[in-house]
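By convention in this document, chain letters (A, B, ...) are assigned in the order of the sequence lines, proteins followed by strands, and residues within each chain are numbered from 1.
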2 protein chains.
Amino acid sequence: MVTLADVARQAGVSLATASRVFGRPEMVGAETTARVIEVADRLGYIANSTARALARGSSGLLGLVVPQLSSSYFAPLISAVQSEVESSGFELIIVDSHGCPESEVEIAGRLRGRVDGLIFASPRSSGAALAEVARGFPIVTVNRELSDFDSVSVDVAAGLTELCGLLIARGHRTIAYLGGPAGSLSDDGRFLTVRTALEDNGGEARRFGPVEPKVSAGTESFSMLQRGGVSAVIAYNALVAHGLMLAAAAVGAKVPEDLAVAAVDDLIDIGLGLPSLTAITQPMGEAGSSAGRMLVAQVARPRGADSDAGTRTAQHLVLPSTLVIGETC
Amino acid sequence: MVTLADVARQAGVSLATASRVFGRPEMVGAETTARVIEVADRLGYIANSTARALARGSSGLLGLVVPQLSSSYFAPLISAVQSEVESSGFELIIVDSHGCPESEVEIAGRLRGRVDGLIFASPRSSGAALAEVARGFPIVTVNRELSDFDSVSVDVAAGLTELCGLLIARGHRTIAYLGGPAGSLSDDGRFLTVRTALEDNGGEARRFGPVEPKVSAGTESFSMLQRGGVSAVIAYNALVAHGLMLAAAAVGAKVPEDLAVAAVDDLIDIGLGLPSLTAITQPMGEAGSSAGRMLVAQVARPRGADSDAGTRTAQHLVLPSTLVIGETC
DNA sequence: CATACTTATGCAAGCGCTTACATGCACTGT
DNA sequence: ACAGTGCATGTAAGCGCTTGCATAAGTATG
């Protein structure tokens, strides 16, 4: 393995100068720079980022903890975080917590000594547990506001309220909410929002579920909804909604005439042959870029931090969701 | 930040002993161990993996380069690699090359100084370029055999040949191959396999495409196939196949009577309301675990490597694909 | 021409941890 | 009683790089 010392020796400069050629080129004379670079790639020198990290006191590594790596919901977020931090010169370690709060804490502990900062996407752990493990460490949470940490979240509530207004306006009164997986924090919130929005407008919300967020769950829930005496349904996500629509088609029921269907999220681009879905779309990509940007900003700060002695107040960014009105309502 | 030196001082032992408590506990007396550990977590000591990496000469980091991060095809592979290397005590850096050969090389260069080894999933770069950037570095490739590096690949050809046999046996003679994205290495190989398998059995292969691997591509290609005078089609993947089936349903054509449909990969679990797809499924999860395991083995070797002085011969693991016969044939 | 300032480079002290080697000590067998 | 053995611990030399400070030119200023 060829080290910077080898390069320096061969180029006839000191180790310090060689180092500066790569780290602070503006401090080095032009010919020296050229010579060092020439020698470096003649020798096939590859900088050892570990040593650099140790000397600099920061690793250039950021972590992202997601509840599910292979989920179309998080995919755009992951990609966006990835390219955002990459363009700031960081590398990203993505870890799957499998939606398990204990894993989240365990992972955070493991990663603390390794990365410069951490993003938690939709964390399920208690705020206390997170605060504990992340104290004094750069953190950004997504879709979860914790007072001590920066966060970015998507305002699904506004979209849901708008959707409820739409349904009421189109004459629906008794509306089903077909909820997502048991224990989902967002699920409870969504139902509450729907109920409030409906009751404020003379409607009524009926909660069904919980169901797995899968197409089959939708298919299987259809007859239950039919018997439930509702004229519209708001499904936890697009997979479930598609399941409902497939089941409806199978028994000859018409959407939206017999049952109006709407969903949060629009995960799949399958909508061919089926009416286009009315859905509340969340800007997950944007959320990812923002989270990445906020984390990079936090990590970069310490160098020149005077005014805010480690106690700056946390920023909370809220992104709007969009109600996309399709043919299913 | 509390360092190991702080812990050692407070516990009244030398730095070396404190270090051994965490790295080689069997070398330290029981009470000493207990005391050090007690002090360590009283002080909230967190080991600095960067320093450890530098001293040990290895980072405990592995890299995985995929052409597309958010792809259902790679998802099981990514998860499997993840958990495999994690269980061996490594952390994983996943980077998206966006299917671009230059990115692959650039990423490899960037990561070389940072990780202990690299997995390339379905790399598109020339073998020479990869060999160049990865010389003398632990590497495993997936779905690409390079003589210098370990690899694991899935034998789609066998499955395709079996599928062709099945189609011939069921009376099909002129069969379409609806290919995937332009420039895909696997695509050419697949068509060749199909053609050979069919011609050996008195059938004929017609190549259509290339098309994007999307549902809509299938939908749009349907009428072209109808005019093409084929009785069966082998699609690049399940998305395309579903598109075909949706289009068939839309015009009242029957699958498999009017057109038999098969595909490589079975990516989506949407198959409800549609006949179940005949598909060649690839064990991507298993491929991932194997790749992870092989890389870990390579990385671990150097310590006690005597016999194989850096020139051990590369291992090539081939995993079988499975032909799953559904109702669409 | 002396002074101050700028620019390019070198020196050496770390960054926090691991580990080969040395030390000290309590046993064991003879 | 003494060398031999093995265990628990300490000493110190790094791992490869960055960076504050010192130094030595060269340039501008009065």
Distance-only donor-acceptor check, side chains B/His316 and B/Ser151, under 3.5 Å: yes

Among D/dT18, C/dT19, D/dC15, the nucleotide that comes nearest once only the side chain of B/Arg56 is considered: C/dT19

d(CG, A/Leu4; P, D/dC15) in whole Å: 14 Å

Any A/Ser14 side-chain N or O less than 4.0 Å from OP1/OP2 of C/dT9: no

Between B/Phe22 and B/Tyr45, ring centroids under 6.0 Å: yes

Side-chain N or O of A/Thr17 closer than 4.0 Å to phosphate OP1/OP2 of C/dA8: no

Sugar-phosphate only, base, or nothing, as touched by B/Tyr45 at under 4.0 Å among non-hydrogen atoms: sugar-phosphate

Sugar-phosphate, base or nothing in reach of A/Gly29, heavy atoms under 4.0 Å: sugar-phosphate

Residue met sooner reading DNA chain D from 5', once B/Leu54 and B/Val13 are mapped to nucleotides: B/Val13

Sidechain-backbone polar pair: A/Asp155 side chain, A/Pro320 backbone, donor-acceptor under 3.5 Å: no

Rounded distance in Å - CD (A/Glu31) to C1' (C/dT7): 14 Å

Atom pair distance, as rounded to whole Å: CD in A/Glu26 and P in C/dA8: 10 Å

What N/O pairs connect the protein and nucleotides 20-25 of chain D at under 3.5 Å? Give each pair on its own line.
{"from": "D/dG20", "atom 1": "O6", "to": "A/Arg20", "atom 2": "NH1", "distance (Å)": "3.4"}

Position toward the 5' end of DNA chain D (nearest nucleotide), B/Ala55 or B/Leu15: B/Leu15

Minimum-distance nucleotide (side-chain atoms of A/Ser19 versus D/dC17, D/dT18, D/dT9): D/dT18

Touch class at under 4.0 angstrom, heavy-atom based, for B/Thr32 against every strand present: sugar-phosphate

Minimum heavy-atom distance B/Leu92-B/Gly63, with the two atoms named: CD1-C, 4.1 Å

Atom CD of A/Glu38 with >12 non-hydrogen neighbours under 6.0 angstrom: yes

Check: A/Thr33 side chain, A/Gly29 main-chain N or O, donor-acceptor pair, under 3.5 Å: yes

B/Gln298 and B/Asp150 side chains, donor-acceptor separation under 3.5 Å: yes

Whole-Å distance separating the CZ atom of A/Arg112 from the C1' atom of C/dG16: 16 Å

Euclidean distance, atom CZ of residue B/Arg52 to atom C1' of C/dC15 [Å, nearest integer]: 16 Å

